[in-house]
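Notes follow the structure.
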Amino acid sequence: MLGYVTLISLIASGIVGHSAATQEWWKDSFIYQIYPRSFKDSNGDGIGDLNGITSKLDHLAQLNVSAFWISPIFVSPMVDFGYDIANFTNIDPIFGSLTDFELLVKKAKSLNLKVILDFVPNHSSDKHPWFEKSIKRIKPYDNYYVWKDGKIVNGVRQPPNNWISVFRNSAWTWNEQRKQYYLHHFTSAQPDLNYRSAELNEEMKNVLTFWTNRGVDGFRIDAIILAFEDSRFPDEPVIPNTGLPSNDYNTLRHIYTQHQNETYQLVQSWRKHLDTQPGSKKILMTESYSGLKELTESMKYYQYGSDVPFNFMLITDLNNHSKAIDFKRSIDKWINNIPKGDYQANWVVDNHDNRRVTSRFGVKRADQMTMIAAILPGIGVIYNGNEIGMEDTWLSWNETVDPVGCVAGPIDYQFTSRDPARTPFQWDNSTSAGFSTSNKTWLRVNPNYRTLNLAAQKSVSFSHYTITKKLIALKTSNLMINSTTEVILVGENVLGIVRRKSKNSLFVLLINFLDTPITIDAMSWMNIPEIMSVYVSSLETKIPAGTKVNTSKLLLSGAASIIITNYSYNYLQ
Ligand code: NOJ
């Protein structure tokens with residue numbers, strides 16, 4: 001292939017070891033999200049569980065991620081598959097028991113993996129005893145939720161204002177027993193908790209302590225931006241001409257329900273609380289979909305104690321129509337807006353709420369987002385299945401269980417359901433992809449598992465798995481620590497990211513945004529050496545590691561993505 005000169009050899013192994021300069025373990029690391037229902041089923045009921053996770057922790061250790069965060073595992077009626085919690089301090093029997101959790105933590109520690117739990121403070125389940133007591137106005141629970149009288153319009157009772165739930169329709173549901181409306185930003189089975197209650201605040205701090213006492217290394221905080229509402233409860237302004245149905249969340253400007261000042265203070269109070277806990281500093285990761293549009297709000301969470309205000313730009317702001325310049329703008333914008341101080345950038349590749357990266361950017365570009373997350377400074381966050389290029393699973397209306405899919409109806413569910421990205425992890429080509437011994441799983445296994453599975457990818461030298469391993473190895477090595485970062489457009493269609501430590505140590509990511517080949521003079525555009533070696537390339541690009549390339553006339557195949565370096569590895573033989 002023109003541009004790639006000599007083949008030196010394959011890199012036999014990844015780079016391992018953390019930099020001595022790393023202050024917190026999460027600086028320059030990869031964090032892996034586990035969706036527990038779909039990771040590994042140990043008891044054959046078709047639903048993943050804690051013992052299943054424990055049995056597969058070796059996989060995470062081999063990938064060399066530093067930590068994993070688990071979507072909720074607590075007692076739940078499962079209306080929103082665990083995000084409706086009926087007991088914040090116990091494990092749902094579907095997933096196992098507190099003893100199983102203890103074993104999980106023990107195994108994780110033995111593998112040097114940090115454990116992060118999902119903390120869901122915005123709401124509980126309507127089956128939580130607190131809510132049941134709140135309905136009965138039993139003190140202090142009467143004030144644990146957000147209750148309001150209705151508005152009487154022309155003699156008819158109406159919700160107190162026009163607020164809409166993230167999952168569509170009014171955010172208020174009438175309770176006949178208490179004779180008031182309660183607020184719910186998600187399903188009506190997820191009543192919003194009221195942080196203006198001092199007692200509730202205490203309860204939730206105790207929840208944090210309960211889990212840190214059990215060895216947890218930090219929390220991902222769910223839906224934090226909605227924790228407080230303006231206490232005057234005004235209508236939110238309607239955005240004109242969205243073309244959306246009037247019951248859609250995106251028809252309102254959420255100026256009274258998102259990012260209220262007290263919300264930041266709440267995060268800060270948890271930060272302070274966790275800082276009093278024994279052991280090493282606990283990580284706080286906050287879920288905020290405000291993204292690049294409301295960057296100021298997102299960035300503020302850093303200053304109030306979030307270590308990782310999730311950066312969802314690869315999910316919400318960029319897609320397969322984005323051009324190299326869109327990526328450059330978005331990356332620069334995020335990096336340039338991080339407040340001054342010891343704050344880390346982060347790059348979320350995927351999660352359980354969105355279409356998988358293979359759908360958002362196309363199968364050919366499956367590895368590219370992890371490559372971006374790996375080369376850029378800070379934390380990369382991947383979702384189970386990214387490491388093998390898992391694809392969304394088409395599910396029929398009858399198979400749909402996600403409340404967001406169900407509320408949309410038999411046609412529109414296809415555009416809103418989150419089920420396609422939640423199907424079981426594909427371990428091998430045995431029954432149910434090795435996820436369960438049962439051939440009936442809570443969501444159907446993607447039929448492509450026979451060829452697309454971890455075992456198959458481990459058995460070959462070039463696969464999404466081997467690529468991901470090398471990317472994680474690169475980030476967690478000390479080779480890019482203290483390097484500068486330059487995001488460069490190499491012409492209109494190629495994005496370049498250079499991490500420059502010294503003249504003799506630089507790593508360069510190049511992505512061709514065209515689906516057709518292109519020859520570029522990366523040497524002049526990026527001021528990089530003429531001869532460099534491939535560290536890793538995407539599966540689509542398939543250039544063996546160690547291949548020498550001439551950067552002054554570099555041929556990138558369609559959708560190609562490579563990381564090259566001039567670093568002289570001792571393992572480049
Ligand atoms: C965000 C979670 O990621 C999502 O899965 C859930 O439905 C909502 N928050 C409500 O908890």
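Note that ligands are numbered from 1 as they come in the structure, with each ligand's atoms numbered from 1 the same way.
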According to side chain to side chain donor-acceptor pair (under 3.5 Å), who are the partners of Glu387, at least two apart in sequence or on a separate chain? Tyr32, His59
Test side chain to side chain donor-acceptor pair (under 3.5 Å) applied to Tyr343 - qualifying residues, sequence neighbours left out: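 Once residues adjacent in sequence are excluded, Tyr343 has no partner under the side chain to side chain donor-acceptor pair (under 3.5 Å) criterion.
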So His259 and Tyr264, would you call those rings parallel, tilted or perpendicular, with 30° and 60° as cut-offs? parallel
Residues that Phe327 engages under ring pair (Phe, Tyr, Trp, His ring centres under 6.0 Å), provided they are two or more places apart: Phe513
Would you check ligand 1 and list the protein residues that come within less than 4.0 Å of it by any heavy atom, ordered by chain and number?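 Around ligand 1, where the cutoff is 4.0 Å for heavy atoms, the contacting residues are Asp80, Tyr83, His123, Phe167, Phe186, Arg220, Asp222, Glu287, His352, Asp353, Arg418, Arg422.
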With side chain to side chain donor-acceptor pair (under 3.5 Å) as the test, pick out the partner of Arg360 among Asn320, Asp350, Asn354.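 By the side chain to side chain donor-acceptor pair (under 3.5 Å) criterion, Arg360 pairs with just one of Asn320, Asp350, Asn354: Asp350.
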Within 6.0 Å of CZ in Arg196, more than 12 heavy atoms from elsewhere: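 Result for CZ/Arg196: enclosed.
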